[in-house]
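Before any comments, here is the structure.
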Amino acid sequence: MQNFDYQTPTRLIFGKGVIEKLPGVMASVGRKVLLTYGGGSIKKIGLYQKVLELLKGFEIVELSGIQPNPKYDPSVLEGVRLCKAHGIEVILSVGGGSVLDCSKAIAAGACYEGDPWDLITRKVRAKAALPIVDILTLAATGSEYDQYGVISRTETNDKVSYGDPLVYPHTSFLDPTYTFSVSKKQTAAGIADAMNHTIEQYFTEDTTLLNDGFCESMLRSLMVNGRKCLDHPEDYTARAEMMLACTYGCNGILALGNTYSGWPCHGIEHALSAYYDITHGEGLAIITPRWMNHILSERTLDRFVKYGINVFGIDASLDKWEIARKAIDATYGFFESIGIPMHLREVGIDESRIGEMAHHIAVNEGLENAYVPLSEKDIHEILTASL
Ligand code: NZQ
Ligand code: ZN
């Protein structure tokens with residue numbers, strides 16, 4: 001087992017109606033609030049109105065229109081400008097992972113005199129950040145319980161994942177009822193995202209019985225409850241378990257003591273989203289089984305066998321290679337069965353920029369250090385197989 005140094009400072013407040021605690025939590029961090037949100041879903045579900053009602057007496061400045069795959073320009077830059085102009089003390093993010101990731105970049109940028117891109121690209125280490133409180137409305141990324149944010153810069157086709165303990169949310173409000181209105185497309189993408197977060201941590205060299213069991217349970221739970229959420233969007237129990245599983249996805253708890261895997265599917269997907277602005281979870285679902293096929297070898301065989309038996313219940317008495325291939329087919333089959341388009345062409349990506357993207361990924365994502373090292377040629381082959 002590898003050494004580690006681990007701390008998650010975020011307070012999670014989970015369940016139906018927990019938003020009533022919002023004024024108390026906010027008052028403990030500040031009264032001048034930057035309220036961040038996306039394209040309007042929070043107004044449709046009445047959450048925006050509820051937040052304003054609860055925060056009467058607070059000074060609120062708004063930043064709306066934060067898009068999926070949140071953009072550096074205008075959203076991060078505008079948020080930083082508003083924080084500085086109004087002396088903002090706390091950011092309240094209401095929405096999905098994109099709103100929260102953007103809020104994290106704003107929180108650090110607001111306490112920095114230079115170009116916030118320096119912080120996102122880790123050219124400069126942030127010395128401080130504003131506190132962030134969030135009300136999550138979409139279960140997927142785990143941003144509510146982690147120190148990461150992913151920001152896109154359209155003009156350079158960059159989608160950069162940055163991390164800093166300073167941007168862990170102070171408090172995350174997780175009320176599963178706010179996810180009832182999430183569309184089938186976004187629910188399925190959320191299931192795929194959280195499953196891939198788990199897979200990225202499961203497929204690595206040095207693992208433990210403890211972590212393997214945690215990951216296998218995550219995957220089974222996400223498949224069972226995810227399907228229930230799609231069939232019955234207002235099934236509270238299913239939405240609640242899915243929300244909690246997603247929350248565990250990215251803060252490292254699933255892989256404490258494991259070797260770092262390099263998160264290869266994320267490295268590849270971030271380029272797809274950067275070049276084509278596709279939905280993150282859909283890109284991951286398309287890449288994952290192709291990446292699995294690519295890395296299946298004598299060396300990785302036993303991992304696939306364990307995955308196949310414990311996650312999909314494949315007959316353990318079969319030949320190992322047959323179990324592994326069945327496991328990859330089952331992964332593909334599950335994503336397809338929840339309505340995800342399983343070819344890049346179906347999400348608007350053809351072969352024209354595959355070479356350019358493979359090069360961009362090879363240069364920027366460090367996948368030569370992944371569990372199974374990936375060269376530019378490997379990445380090109382995985383992308384081509386995904387078409
Ligand atoms: O903009 P609004 O109107 O709010 O609509 C959003 C958006 O169109 C909608 N939505 C959110 N909550 C809703 C709702 N619609 C109806 N009812 C609700 N309750 O859903 C759409 C997608 O929202 P978005 O926030 O983009 O989705 P998600 O939470 O999946 O976030 C995706 C982003 O997170 C990044 C991804 O790369 C992508 O940019 N990631 C962040 C990570 C992290 N911070 O740790 C890790 C992940 O691997 C991922 O990379
Ligand atoms: Zn992800």
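All values reported here derive from a predicted model rather than from experimental measurement. Whatever order the structure lists ligands and atoms in, that order sets their numbers, starting from 1. Excluded from the calculations below are hydrogen atoms, water molecules and symmetry mates; all remaining heavy atoms, backbone and side chain alike, are included.
Cys265 has its side chain within reach of Trp291: a pair of non-hydrogen atoms, C-beta onward, lies under 4.5 Å apart.
Nearest protein neighbour of atom 2 (P) of ligand 1, counting heavy atoms only, is Gly39 N, 3.3 Å. Distance from atom 45 (O) of ligand 1 to its nearest protein heavy atom, with residue and atom name: Asp146 OD2, 2.5 Å. Of all protein heavy atoms, the one closest to atom 15 (N) of ligand 1 is Ser41 CB, 3.6 Å. Protein heavy atom at the shortest distance from atom 32 (C) of ligand 1 is Ser98 OG, 3.6 Å.
Under 4.0 Å from ligand 1, heavy atoms of Asn69 appear from its side chain as well as its backbone. At a heavy-atom cutoff of 4.0 Å, ligand 1 is contacted by no atom of Gln67, backbone or side chain. Residue-level proximity to ligand 1 for Lys159 is carried by the side chain, the only part with a heavy atom below 4.0 angstrom. Contacts of Tyr178 with ligand 1, taken as heavy-atom pairs under 4.0 Å, involve the backbone alone. If you look at Asp193 next to ligand 1, the close heavy atoms, those under 4.0 Å, all belong to the side chain. With a heavy-atom cut-off of 4.0 Å, Val182 touches ligand 1 through backbone and side chain alike. Contacts between Pro68 and ligand 1, counted as non-hydrogen atom pairs separated by less than 4.0 Å, involve both the backbone and the side chain.
Not a single heavy atom of Glu269 sits less than 4.0 Å from an atom of ligand 1. Heavy-atom separations between Ser273 and ligand 1 are all 4.0 Å or longer. Using a non-hydrogen distance threshold of 4.0 Å, His270 registers as a contact of ligand 1. By the 4.0 Å heavy-atom criterion, Gly249 is excluded from the residues contacting ligand 1.
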(message) With salt bridge (Lys or Arg N to Asp or Glu O under 4.0 Å) as the criterion, how do Arg325 and Glu322 come out once you've worked through the C-alpha distance, each side chain's angles and the decisive distance to 0.1 Å?
(response) CA-CA 5 Å; Arg325 291 202 181 94; Glu322 193 179 350; over 6 Å; no
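Comparing Thr137, Asp277, Thr279 against atom 12 (N) of ligand 1, the shortest heavy-atom distance belongs to Thr137.
With waters neither drawn nor counted, the protein N/O/S atoms under 2.8 Å from the Zn ion (ligand 2) amount to 4.
In this structure, the side chain of Asn225 does not engage the main chain of Arg239 through any donor-acceptor pair within 3.5 Å.
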